[in-house]
Every structure is written in structure tokens, then in C-alpha cells.
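These notes concern the structure reproduced below.
Proteins come first, then strands; the chains are lettered A, B, ... in the order of their sequence lines, and each starts at number 1.
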Amino acid sequence: MQAQLLWRTLPSLVLGLLFLSMPAMGSCSDKYPELLGQLQKQADFMQHTNTLLDLYIRSQGLDKNGLKEHCRERPGAFPSKDALQRLSRRVFLRTLDTTLGHVLLRLAALEQDIPKAQDLEMLSVVKLNIRGFKNNIHCMAQLLPGSSETTEPTPTSPGASPSPTPTLDTFQRRLEGCRFLHGYHRFMRSVGQVFREWGKSLSRSRRHSPHQGLLKGARRMQLSGRNKRLMPRVQLAPGSHRGAPGG
Amino acid sequence: MALFSVFQTTFLLALLSLRTHQSEVLSEPLPWAPESLKVSINSTHQCLHLQWSVHNLAYHQELKMVFQIEISRIKTSNVIWVENYSTTVKGNQVLHWSWESKLPLECAKHFIRMRSAVDDATTPEQRFWSNWSSWEEVDVQNSLGHEPLFVFPKDKLVEEGSNVTICYVSRSQQNNISCYLEGVRMQGQQLDPNVSMFNLYDVAFIRETGTNIYCKVDRGDDIKGIVLFVSKILEEPKDFSCETRDFQTLSCTWDPGRDTGLLKQLPQSYTLFESFSGKKILCKHKSWCNWQVAPESQEMYNFTLTAENYLRKRSVHILFNLAHRVHPMAPFNVLFNDVSVTNATITWKVHSTGNYYTLLCQVELYGEGKVIQKHNVSVKVNGELVLSGLQPDTEYSAQVRCANANHFWKWSEWTRQNFTTVEAAPSEAPDIWRNVKSVQGYCVVTLFWKPLTRLQANGEILFYNIVVKDLDRPSGLQLLSVPAPANRTELTLDQRSYQIHVTANNSVGTSPASVLVVSGDPGDEEVEEERVKGTEGGFSLSWKPQLGNITGYVVEWCDRPRDPPCDLQWKHLGPNTTSTVISSDAFRPGVRYNFRIYGISTEMVPHLLEKKTGYSQELAPSDNPRVVMSNLTSHSFTLSWKDYSTESQPSFIRGYHVYLKSKAGQCHPGSEKAVLSDDSVCCKYKIDDPKQKTFVVGNLQPESFYEFLVTPYSAVGEGPHGAFTKVTTPDEYSPMLIRIILPMIFCILLIMILCYLKSQWMKEKCYPDIPDPYKSSVLSLIKSKENPRLTIMNIKDCVPDTIEVVNKHEGTGKSPTEPEAAKPTYLYLLPAEESYSGPGPCICFENFTYNQAASDSASCGHVPVPTKAPSQLGLLTSSENLLTALEKNCMNSLEEIPAGESSLNYVSQVASPMSGEKSSLPTNPPQPELCSEYKMQMAIPLGLAAPSSSGSSSLSSITLLDEGEHYH
């Protein structure tokens with residue numbers, strides 16, 4: 001059991017250090033492909049349910065027939081893959097940053113329901129990873145053309161917090177937490193796919209012109225900036241503020 | 001008495017009147033009936049909370065009353081609880097009472113009513129109850145909301161082993177609802193069409209995050225549930241005790257027992273209450289707590305430790321006198337004074353515990369890691385103790401601890417300190433032994449000694465002094481000093497007797513001397529060796545007691561006999577000892593150890609008495625001998641393994657087994673069948689004498705294939721069954737044939753050698769180059785039998801007739817198949833005499849040009865021709881013309897015909913004395929002196945000779961030539 005935990009924890013720690021490497025150095029990487037590749041790998045890693053959801057289900061006793069079937073993402077809790085793909089790069093990054101901010105808040109709430117120290121340790125590693133990922137998003141946003149205009153992540157709106165209402169009893173809170181984490185992993189999978197598409201367009205543009213990918217992204221950003229009212233709206237959570245902030 | 005009867009009657013009347021009055025009042029509310037009854041609920045704790053006041057009770061009035069409370073469920077007639085609540089009621093007091101429902105309050109309506117009575121303890125059966133209050137209805141379901149399904153109770157905390165009632169409330173009767181406990185379906189009981197309850201008995205702790213219980217609408221996605229937090233039962237603290245170390249603080253400790261498992265939901269607390277002082281503290285730690293001792297010197301303490309959580313409270317008590325709970329601090333300032341060879345004084349100090357207490361201190365002296373002395377000392381402030389009986393130059397460790405001497409509670413911790421005693425001269429003589437070898441007329445004595453033990457050495461041994469005293473010359477003394485830690489030295493002595501003294505020296509003095517005499521005779525006289533059987537404990541040796549002046553015995557052996565130096569060991573034994581057990585950690589199984597037992601005479605001269613040899617554990621032989629096979633015949637062969645050493649084997653070799661495999665598989669007498677580990681069958685010959693190292697394997701079949709293996713055996717088994725050696729016996733006749741053929745070959749070789757050596761003679765005899773007609777047997781044969789007239793033709797009778805010259809074209813590039821090959825040229829010789837009328841039967845001519853070298857070189861120009869020879873001989877009248885023509889022809893041929901293309905065929909008639917030595921011919925041409933030196937050509941009748949020469953008769957002339965002389 002301890003070996004299994006170690007096996008799970010070690011890659012997370014390594015990845016966490018990877019996440020934090022750039023902010024620790026005090027500056028962002030100016031290598032777009034490298035940063036994109038990192039973001040993609042990190043998103044791929046965070047999509048795995050064994051990093052968080054499985055741990056939660058086991059600790060809360062939700063791994064029973066008839067119960068685990070109800071641990072499914074609530075529609076609208078996280079932006080869908082289609083919605084993410086329709087966003088411009090800049091808005092996508094903002095949305096991602098905001099959503100992960102909510103996730104961090106929610107994880108802090110979930111900590112209260114996790115009694116075991118080793119499970120808490122795992123949770124803190126996950127939070128560390130998410131913070132690192134957010135930093136990388138920040139760096140990526142700076143690499144996009146026109147980054148000097150708005151480089152700060154979109155602030156979290158109070159209504160967008162996906163935390164359940166405090167009146168919920170423990171059982172309902174438990175189920176909601178499970179559903180939330182399920183959505184989180186699905187969301188990260190979608191994010192990874194979006195980044196993969198970015199990578200594909202980069203390699204295509206490289207074949208054509210070394211900087212065309214970035215320029216294309218910039219054009220798309222400007223387009224989205226002009227037509228931001230027409231952008232597809234993203235539902236972050238039930239009762240949350242609808243639409244991509246700033247998008 | 002009459003007065004008493006009157007009083008009694010009056011009392012009864014008064015009582016009757018009172019009873020009558022009460023009966024009248026019953027129709028109206030009693031003055032102290034409950035009023036303003038209000039019911040509230042606490043869903044979390046499933047409690048109904050009642051509050052009311054008492055009607056018409058004066059402000060200052062105080063009355064002991066009892067309230068009877070009835071609780072009904074679902075309907076008023078279904079009373080589930082009746083309780084009398086007694087209390088003292090003051091004026092205007094609002095009374096409270098709570099009731100915990102087993103069924104969650106949300107699951108059913110509850111009805112509550114109450115009545116009151118004055119609580120007269122003397123006559124409880126005669127209470128006059130007030131009227132019942134009206135029913136108060138509690139219906140929580142109305143406030144639940146509009147969700148289709150609810151499960152209760154929410155987040156309930158219970159101890160394991162409790163019974164819990166769960167219920168669900170459904171908004172629709174159509175729904176079929178199933179409920180599960182941790183995935184296992186529960187069977188419930190329907191309270192009403194919308195409500196079912198489930199009784200859980202003896203619930204168990206499953207996990208820290210609680211037990212999940214949930215209900216689902218069949219064929220629906222709705223799920224509702226609760227988490228039941230089951231805690232382990234809070235245990236009573238164990239081993240609760242308090243003690244002081246400084247009379248200022250009491251330290252109380254306990255074992256809290258196992259965890260409840262629900263530390264977040266069900267935190268537990270520990271409080272310490274002292275009844276004499278009335279003080280109470282909340283402990284910050286779950287297993288210990290500090291209590292400040294009262295400055296007013298409180299002697300007795302009565303503590304109550306209470307462990308408490310929401311569900312349970314556990315308490316333990318202790319009562320003690322503070323002076324009996326003193327745990328002194330560890331002594332300090334432990335020192336050693338006046339340390340001598342065998343004594344030392346230890347001093348220490350203790351922390352002050354007031355002047356009223358005496359401490360008992362314990363001193364333990366450690367030597368070599370073990371307690372060797374233990375002392376108890378009473379101490380007020382400073383302790384002191386003299387440690388005696390110590391060993392010189394020895395490191396000791398002493399430790400001190402103390403406890404309350406009057407009321408022992410606990411020892412303090414140990415305080416430890418080391419010291420070392422002073423050195424003294426070595427107390428024992430070194431244990432010595434020797435090994436004597438005789439080398440080139442000298443005695444080489446290797447002197448060994450064992451290092452003194454620490455107890456014997458009394459200090460660090462610096463060197464060993466060795467005094468060698470010549471017993472034959474008392475004045476001859478030799479002193480050697482060998483620095484420690486050497487344990488041997490080598491002395492080269494002559495063949496006299498010497499007395500050797502050995503002493504060990506440290507910085508303080510010298511040890512007694514060990515004495516040994518080495519005589520000129522090493523004393524290695526022949527003593528028969530005996531075998532001993534060793535065990536795991538060692539070798540048990542015994543020997544015959546020696547009569548006479550014996551001061552003791554020495555047993556000598558080597559710990560590593562296979563590895564030189566063999567690590568010589570010895571053991572001194574007393575004169576009355578005739579047996580001992582030799583054991584050593586170095587003894588290994590499968591190693592032969594040799595023991596020598598010496599007797600030491602009073603003159604300290606050792607004499608070899610006995611030799612023993614044995615194994616601590618015999619092992620099976622590890623290797624087989626290398627076998628040499630010889631004398632292989634068709635019926636036997638001989639095996640020998642002379643170089644096989646039985647001494648180096650891991651056990652005593654008792655003999656050998658010879659295994660023989662054959663296809664026939666039959667074993668002859670003297671052998672027995674044996675089945676090997678690979679299930680193959682072979683014949684086994686047993687050799688019982690380990691010294692016998694040859695064996696003849698007989699009774700074999702010729703031309704048969706055999707395999708053999710020789711392996712030693714001992715008491716514990718035989719050697720490895722390794723690879724068999726293969727052998728095939730020869731056939732029976734081969735030796736005989738060899739006996740015949742070899743001499744024959746020898747004879748033939750001898751004849752060939754002789755023939756070679758006498759080849760010239762043989763050639764002349766058997767196949768001469770130019771047959772000598774005189775010696776021809778044919779001639780003699782013809783002469784004698786057929787034609788007596790035939791004789792050797794005289795040269796004078798020969799008239800040259802014709803010389804046949806053959807021109808042969810070779811190497812001209814023409815194909816040998818071309819028709820113009822060799823056209824013979826004929827030289828016609830004129831008859832020298834008139835009588836010559838034609839070609840005779842034979843033409844004979846004198847050949848002046850014949851020379852072997854010329855013939856070989858196929859060149860006329862290389863051969864010096866004796867030009868005058870014909871004239872000298874005068875054989876041919878027209879010879880000059882002929883020779884001229886010949887020479888001319890020859891020269892022409894040299895000029896016109898390439899060498900090798902022309903040859904002159906004729907019959908050689910010169911018997912060159914240098915025949916066969918061609919190279920010498922040109923320089924030493926033959927010098928024919930007389931006609932007799934010419935070999936005359938035999939005249940052969942036509943019938944015997946080749947056909948007559950014609951245009952194509954060149955071949956006929958060739959047939960007369962020796963094959964080795966043909967040139968075409």
C-alpha cells in the first residue's frame with residue numbers, strides 16, 4: 001500500500017517541481033513550443049483520475065455499487081471540450097486559469113472531509129501541481145502576441161465558485177465533491193486536447209513558416225477580441241457567472 | 001387512650017373532608033397545572049425539547065412537583081413514551097425537559113401532553129394529578145421542502161455497537177425506493193405510505209469518514225443518503241499516575257487507549273480534577289498533564305482524570321501522598337578519586353529534595369560489559385563509596401541512581417562514568433611451546449607463546465625476554481628481547497641441550513618465567529598414529545599415563561593444517577591428566593587434524609608420546625583419483641592411480657570402488673551389479689585396501705566398448721560419480737598380426753635399403769643400360785641351343801651402310817598433327833669392300849660421336865668430337881667423307897634447325913665409364929683407346945630384329961634404343 005502511494009506520489013512530486021521550475025527561476029520561458037509541450041503533458045497528467053478522484057472515492061467510501069454510478073460530472077460544472085475549442089487562445093487561457101482557481105478553492109473545502117494524513121498529503125501535491133500549471137498558463141499568455149495588453153489572469157468572480165452550498169449534509173457534499181472531481185479530470189482532458197491542437201497547428205505553421213502559428217493565434221485573438229460578444233459562452237458552475245470573462 | 005381515639009377520629013374526618021374538597025376541585029384546573037407548554041425540536045440530536053410553566057404558583061413559593069409526560073407517534077392514541085419528571089418548582093419558573101427519539105423526528109408526527117401533581121414522597125400512590133394539557137403536535141415533515149426523497153437522520157454520531165433507526169420520507173407513493181448500507185440493501189418497515197424505517201443493530205466502525213447509507217428511487221436518477229458516523233468506544237485511561245521530581249510540579253501520565261476513529265467529528269478531551277483543592281485543569285495532551293504543586297505543602301492529592309467526548313465520559317481516580325510519589329533526579333558530578341591498582345573511590349551528588357528525605361543510592365560496577373559489583377548507599381546530599389577488588393590496568397564503568405529511601409517510588413535515571421585502574425607487573429608466566437626442526441646439523445627452534453590475558457598482563461605488555469641457556473656449558477647464555485605483540489621467535493641452536501626462559505614485561509615489571517628445554521634430539525621418534533573420531537564439541541583425546549617424572553603433558557595440533565603456516569596450537573595439561581577435549585572454532589568438517597601428545601619431564605624436556613589423527617566431521621571424498629589405463633588387451637586392462645593422496649581427502653579412505661559399464665551388462669565374479677544415480681546399471685568392484693592403487697579389469701570381451709570409473713569410499717560415502725572413461729578392447733588377432741607384420745615390414749625395409757645401397761650393382765646385374773653381349777645370357781642360350789654358329793660379330797666385319805638422320809620439328813609452333821612431322825634423312829654409306837652387295841642383315845658402324853651428354857643436350861656443337869679417332873682406328877675407308885658429311889649435316893642442323901628439333905638416332909656403342917654422371921661428360925669426354933673399349937652392336941637376324949628400314953622405318957631404329965635415351 002505504501003509502495004503504491006509512493007508510486008503515485010513520486011511522479012506527482014516530480015511534475016510539481018517541473019511546474020514550479022519556471023516561476024522559481026523568476027522568469028517565464030520564451031520558447032513557445034517547449035512551454036506548449038509542457039502544458040500539454042501537464043494537462044495529460046492531471047486528467048488521470050488516479051491523481052485525485054480515485055483517492056477521494058476510496059476515502060469517502062463511494063466505491064460501492066449503486067453509489068459510484070452517481071459520481072458523474074454535473075453538466076455545466078466545467079466548460080465542455082467544444083466550448084473550449086471555440087475560444088480564442090487568450091480567452092482559453094483565461095478561462096483555464098479561472099477554472100483552476102475555482103478548483104483550488106474547492107479542493108481546500110474538500111480537505112475538511114479527508115481525515116487521513118497520507119490522503120491529505122496527496123491532495124496538497126495536487127494543489128501544488130495546479131498552482132504550477134496556473135503559472136505556466138500565465139507564461140503562455142505572455143508569449144501570445146499582444147500579451148502586454150492583458151497579462152493578468154481573469155480574477156475569480158464570487159458567483160463562479162463551484163463550491164456547494166454549505167447547507168448540504170455530509171452525504172450530499174460527498175457526492176457533490178465526487179462529481180466535481182470527475183468534472184475536473186474531464187476538463188483537464190479537454191484542455192490537453194486543446195493544447196494538442198495548438199501543437200498541431202504549430203507544426204503545420206512551422207512547415208509553412210516558423211512564426212505563422214503564433215501569428216495565427218494572434219489573429220485569432222484579435223478576431224475574438226473584436227467579436228467577443230459573439231463568443232460561445234462557457235458555463236463554469238451551477239449558478240456561476242456565465243460566459244468567458246473578458247472573452 | 002381515650003384521648004388518642006378522639007384524636008384519630010378527628011384526623012380521619014379532616015382527611016375525608018379534604019378528599020371531598022379535592023374531588024370537587026377536579027372538575028376545575030388544579031392551581032399548579034402545567035401551562036404554556038411549548039415543544040421544539042433538535043433534528044441533529046433527534047430531541048424534543050419541552051418548556052412550560054406552572055399555573056398559579058406564587059413567586060416566592062417553592063413546591064416539589066412531578067410532571068407526567070406522554071408522547072405519542074403518528075397518532076395520539078399510539079403512546080410510545082410515558083415519563084414522570086420530578087423537580088422542585090419555584091414561582092414563575094420555566095421548566096425544561098428533553099426527550100431523544102430513537103426514530104428521527106422527521107419520519108413521523110409526534111404528540112406530547114403532560115399533567116402535574118404535587119410530589120408527596122410519603123404517599124406517591126395518592127397523587128392528585130392535574131388535567132392533561134392538550135396534545136402538542138410536532139410535524140417536521142411539513143418543513144422538509146419539496147424534494148422527492150429524504151433520508152434521516154443526517155450525520156448522526158453513534159458508538160459502535162449501538163442500534164440506530166433510519167428512515168426515508170418519499171413525496172410520492174408511486175416510487176419504489178430501495179435503501180442500502182454500504183452497498184448492501186436493507187429491509188425496512190413501512191410506517192406510513194410515504195415513510196419507511198430501518199433498524200440497524202450493533203453498528204460497526206467502518207471508516208473514519210463514516211458509513212454511507214443511501215436510498216434510491218428505482219428507475220430514477222435520484223439518490224439521497226446520510227453518513228452515519230460510528231465511533232469506536234472511548235476507552236478508560238489506563239496506568240494513570242502522578243509523581244514529582246522537584247516537589248514543585250506533579251507530572252501525571254496515562255495511556256489513553258485506542259483512538260475512537262472520529263477525531264474530527266468526535267474530539268475528545270482530558271481533564272484533571274483534584275478534589276482536596278477543588279482545582280480542575282483541561283489537559284492539552286492526550287496522555288500527560290502537569291499539575292502545579294500547591295505552595296502550602298499539600299500532602300494528600302486526590303486526582304480524577306476524565307476522558308470525555310460527545311458520546312461518552314470515562315474517569316479514573318488516584319489518591320496519594322506527595323512524599324510517596326518522589327521520582328528523584330539523576331545523580332550528578334560522579335567522580336573517581338584515589339584510583340589505585342585494585343581500588344577506586346566513587347563520589348556523587350544528588351539534587352536536593354528537602355532536608356527531610358534520605359535517598360537510597362545504588363552503585364553498579366561494570367567490567368567487560370557485565371555487572372561485577374553492586375552496592376547500596378544512603379545519601380543525604382553527597383554520596384561516596386570505595387570500590388575494591390579491582391584488576392590492575394582495567395577499564396571499569398560505574399553508574400549511580402537514587403530513590404526515596406523511606407517510600408520507594410521510582411529509581412532515578414542512571415548516571416554513568418568510566419575509570420581505569422593502575423598497571424601492575426604481569427602476574428602469570430607466558431604459556432610457551434616450541435617447534436623443533438633439524439636443518440643442516442642445526443636445531444631450528446621456533447618458540448611460540450600465547451599473549452597474556454588482560455587479567456594476567458596487568459598492563460600493556462611491551463616486550464618478551466627470552467634467555468637461552470646452554471645446559472652443556474652453563475656459562476653460555478643468550479638473551480633475546482622480542483617486542484610485543486609478537487608471539488613467536490626463531491632460534492638456531494646446535495645439537496646440544498638448551499634451557500629456554502621466557503618472560504613477559506610491561507611498564508611496571510616482569511612476569512614469572514616459563515621454562516622449556518630443547519634437546520639436540522628433536523624427539524620425533526617413530527610413534528604409531530592412531531585415529532580419533534571428532535565431534536562438534538571437539539576431539540576427545542586420551543593417552544597412556546607415563547610412569548616416572550612427568551610434570552605435565554602438552555597436546556599440540558594445527559588449526560589450519562592445510563595452510564602453511566599451520567597455526568600451531570598447544571594445550572598444557574597437568575601430570576595427572578590423561579585425557580582432554582581439544583576444541584577450536586577453527587575446526588572445519590572434512591579437514592584432517594593431527595595431534596601430538598608430549599610428556600614434559602621434570603627437566604622440562606618434552607617427549608613425543610602419542611600421535612592422533614582425525615576429522616571433526618568426515619565428509620564424503622570430494623574428488624576421484626586420476627586413473628591411468630595400461631596393458632589394454634582384448635580381455636583386460638589395468639588401472640592405476642599411484643599419485644592419489646588419501647591424506648588430503650575429507651575423510652579416511654577405506655578403499656576404492658571400480659565401476660565398469662558394458663553393453664553386455666553382465667558382471668563377473670568379484671563384482672556386483674550397481675545402479676548409479678542416473679539409473680544406469682554397471683558392475684562394481686570393491687577394493688578394500690586404500691593402499692592398493694592398481695586394479696586389473698579382466699574377463700572383457702574383445703572389440704567391446706567399456707566405461708570405467710574409480711572412486712574412493714570412506715565411512716561417510718564414496719566420491720563423486722563423475723565422468724566415466726571410455727575404452728574399447730581390441731580384437732583377438734590384432735596382436736598376433738602385429739607380431740607377424742612388423743618383422744615382415746622390417747625385412748622389406750632392410751631389403752629396400754640394401755637394394756638402394758647396392759643399386760649400381762643391381763643395375764648392372766639386372767638391367768644394365770647397354771647390355772654386354774658377352775655377358776648376355778640370351779647369347780649363351782642361343783649359342784648353346786639354337787644356333788651354334790652365331791657368335792659375336794667382329795667390328796671388322798661391319799661395313800657402314802646407312803645413317804638415319806631424323807629431323808623432328810618441335811617447338812616450332814606447328815601442330816603435332818600436321819602431316820610433315822619427321823622426315824628421316826638417310827645417309828648412304830658406300831661399301832668399303834667389293835664383296836658388299838647390298839644391305840646385309842645388320843649394319844654396324846663405329847660411332848665416334850656417341851656421347852651421353854651430346855645425346856642429352858640434343859646438340860652436336862657441345863660435344864667435342866675427337867676428329868682423329870676414325871683415322872686412328874682406321875675402321876672406315878671412307879670415313880672422313882662420311883664424318884664430313886655428318887659434321888656438315890650436324891652443323892647445318894645446328895644452323896638451320898632449332899635445338900631439340902633434330903636428333904640423330906643411332907645405336908650407342910660407347911660404354912662410358914661415367915655413365916649416369918652427365919654433367920661431367922663435357923669436360924671429360926670418353927677417350928676410347930682400344931676397340932675392346934667399344935661395345936659392339938649385336939648382329940641380329942632379320943627375324944629377330946626390327947623390320948627392314950624403309951621410308952617409314954624410323955620407328956624401327958627407335959626400338960633399339962634405351963627408353964631413357966629417346967629424343968624425338
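For B:W81, the CH2 atom is loosely surrounded, since the number of other residues' heavy atoms within 6.0 Å does not exceed 12. Taking a 6.0 Å sphere around NZ of B:K284, one finds it holds 12 or fewer heavy atoms contributed by other residues, nucleotides or ligands.
Between A:P115 and B:E208, the shortest heavy-atom distance links the atoms CB-OE1, 3.3 Å.
B:W288 meets the ring-ring contact (aromatic ring centres under 6.0 Å, His included) test with B:H285; sequence neighbours excluded. Take A:F92 and apply the ring-ring contact (aromatic ring centres under 6.0 Å, His included) test, not counting sequence neighbours, and it matches A:F195, A:W198.
Residue B:I223 touches chain A through both its backbone and its side chain, counting heavy-atom pairs closer than 4.5 Å. The contact between A:L62 and chain B is made by backbone and side chain atoms together, counting heavy-atom distances below 4.5 Å. Contacts between A:S59 and chain B at a heavy-atom distance below 4.5 Å involve the backbone alone (N, CA, C, O).
The backbone N or O of A:G66 sits less than 3.5 Å from a side-chain atom of B:K216, completing a donor-acceptor pair.
The side-chain heavy atoms of A:R72 and B:D221, taken from C-beta on, include a pair separated by under 4.5 Å. Between B:T209 and A:I114 the shortest side-chain heavy-atom distance does not fall below 4.5 Å.
Expressed to the nearest 0.5 Å, how far NZ of B:K264 lies from CG of A:D113 amounts to 7.0 Å. Once rounded to the nearest 0.5 Å, the distance linking CG of B:N212 with OG1 of A:T170 reads 10.0 Å.
The contact list for residues 141-166 of chain B toward chain A, using heavy atoms and a distance under 4.5 Å, reads B:K154, B:D155 by residue number.
Note on residues 60-69 of chain A: pairs passing side-chain hydrogen bond (donor to acceptor under 3.5 Å, both in side chains), not counting sequence neighbours, are A:Q60-A:R174.
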